[in-house]
Amino acid sequence: MKKITFKHFVVLLLIILFLLWGNDYLSYSRRIGNTGFYLVETMAMSKDGKPLAGLYYKTPFGYKGVEMPGFPRTVLWNDKYLISKNYDGNNSAFFCYVIINQDSVNASDGNIENIRVFITETDYYTYLQQIGLSESNMNQTDNHIAWWEVIL
């Protein structure tokens with residue numbers, strides 16, 4: 001049996017660090033604009049066998065899932081708010097609306113102080129009017145994570 005030298009130990013340590021970095025870098029995720037939120041591929045599958053994306057906040061220690069029902073189908077954001085219009089992963093109709101005040105997110109642990117979940121579209125639009133927010137003035141994306149986005 002060969003002796004493990006310091007040189008072998010360093011090479012092994014570098015390989016492990018590279019694999020850990022690569023796992024985080026090559027995970028199927030997509031940042032939502034310039035926010036700290038990401039769409040991350042989950043283990044859940046739609047009825048047609050495609051993986052579903054979840055909404056996560058990236059902390060210094062990894063991703064923390066946003067506690068909300070369903071999966072984001074449409075995400076809107078600006079400098080202050082992030083909106084997730086959620087569906088069940090199979091039926092394309094929205095069944096809830098989630099509004100997150102980005103100023104209320106603790107960057108160190110991903111805890112969200114101000115998150116609102118609405119079941120009806122009427123309540124959702126009423127709240128948007130109350131806070132003076134318009135969807136037309138926000139950036140928008142879907143829940144698609146393309147393989148080339150992982151590389152770029």
Side-chain angles (χ1 to χ4, degrees), residues 13-152:
L13 184 62
L14 289 173
I15 289 171
I16 291 170
L17 288 173
F18 177 75
L19 289 173
L20 288 172
W21 170 81
N23 181 50
D24 182 52
Y25 184 72
L26 296 176
S27 64
Y28 285 107
S29 65
R30 179 171 53 132
R31 187 173 184 184
I32 300 172
N34 60 352
T35 71
F37 290 92
Y38 287 74
L39 289 169
V40 178
E41 188 175 278
T42 66
M43 293 178 65
M45 297 285 191
S46 65
K47 66 181 173 187
D48 58 354
K50 293 183 180 177
L52 296 169
L55 185 63
Y56 289 78
Y57 188 82
K58 190 165 188 181
T59 70
F61 306 106
Y63 294 113
K64 179 178 181 189
V66 175
E67 295 180 26
M68 61 184 188
F71 300 93
R73 189 167 141 238
T74 301
V75 179
L76 301 106
W77 76 95
N78 62 19
D79 292 338
K80 183 159 178 154
Y81 291 98
L82 183 132
I83 298 171
S84 179
K85 294 182 174 184
N86 294 358
Y87 74 126
D88 67 4
N90 294 315
N91 182 353
S92 63
F94 300 129
F95 77 88
C96 86
Y97 304 85
V98 179
I99 301 176
I100 298 171
N101 182 328
Q102 294 187 65
D103 294 336
S104 75
V105 180
N106 183 334
S108 63
D109 63 10
N111 285 331
I112 303 170
E113 300 265 333
N114 190 348
I115 181 169
R116 306 254 183 170
V117 179
F118 300 95
I119 304 302
T120 68
E121 189 176 39
T122 303
D123 291 342
Y124 163 69
Y125 282 113
T126 300
Y127 184 72
L128 287 183
Q129 285 181 334
Q130 289 174 358
I131 62 174
L133 191 59
S134 170
E135 288 183 356
S136 62
N137 296 331
M138 300 181 80
N139 300 300
Q140 181 175 341
T141 189
D142 62 10
N143 64 351
H144 182 71
I145 303 172
W147 66 268
W148 62 82
E149 291 172 335
V150 174
I151 297 171
L152 303 175

At what distance, to the nearest 0.5 angstrom, does [atom1] of [X] lie from [atom2] of [Y]?
X: Glu135; Y: Thr74; atom1: CD; atom2: OG1; answer: 9.0 Å
X: Asp103; Y: Ile112; atom1: CG; atom2: CD1; answer: 12.5 Å
X: Trp77; Y: Ile100; atom1: CH2; atom2: CD1; answer: 13.5 Å
X: Asn78; Y: Asn139; atom1: CG; atom2: CG; answer: 7.5 Å

Problem set entry | Close side-chain approach of Ile32 to Leu55, heavy-atom, < 4.5 Å |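 With C-beta onward as the side chain, the pair touches.
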Problem set entry | Heavy atoms from other residues, nucleotides or ligands near CG of Asp79 exceed 12 (cutoff 6.0 Å) | no
For this session: Just do the side-chain hydrogen bond (donor to acceptor under 3.5 Å, both in side chains) check on Thr120 and Thr122 with the steps written out, would you?
Result: CA-CA 5 Å; Thr120 68; Thr122 303; 5.0 Å; no
Problem set entry | Option passing side-chain hydrogen bond (donor to acceptor under 3.5 Å, both in side chains) with Lys64 (candidates Asp109, Asn106, Asn111) |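 Answer after filtering Asp109, Asn106, Asn111: Asn111.
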Exercise. Out of Ile115, Val117, Leu82, Ile83, which one pairs with Ile99 under the side-chain contact (heavy atoms from CB on, under 4.5 Å) rule?
Worked result: Ile83
Side chain of [X], backbone of [Y]: donor and acceptor closer than 3.5 Å?
X: Thr42; Y: Leu52; result: yes
X: Thr59; Y: Phe61; result: yes
X: Gln102; Y: Tyr81; result: yes

For this session: Assess whether side chain to side chain contact (heavy atoms under 4.5 Å, CB included) is satisfied between Arg116 and Asn101, documenting all intermediate values.
Result: CA-CA 9 Å; Arg116 306 254 183 170; Asn101 182 328; over 6 Å; no
Considering only distance and modelled atom types, tabulate donor-acceptor pairs under 3.5 Å from the side chains of residues 90-98, sequence neighbours left out.
unit_1: Asn90; atom_1: OD1; unit_2: Lys47; atom_2: N; d: 2.5
unit_1: Asn91; atom_1: OD1; unit_2: Ala93; atom_2: N; d: 3.2

Exercise. Among side-chain atoms of Ser29 and Tyr56, is any donor-acceptor pair under 3.5 angstrom?
Worked result: no
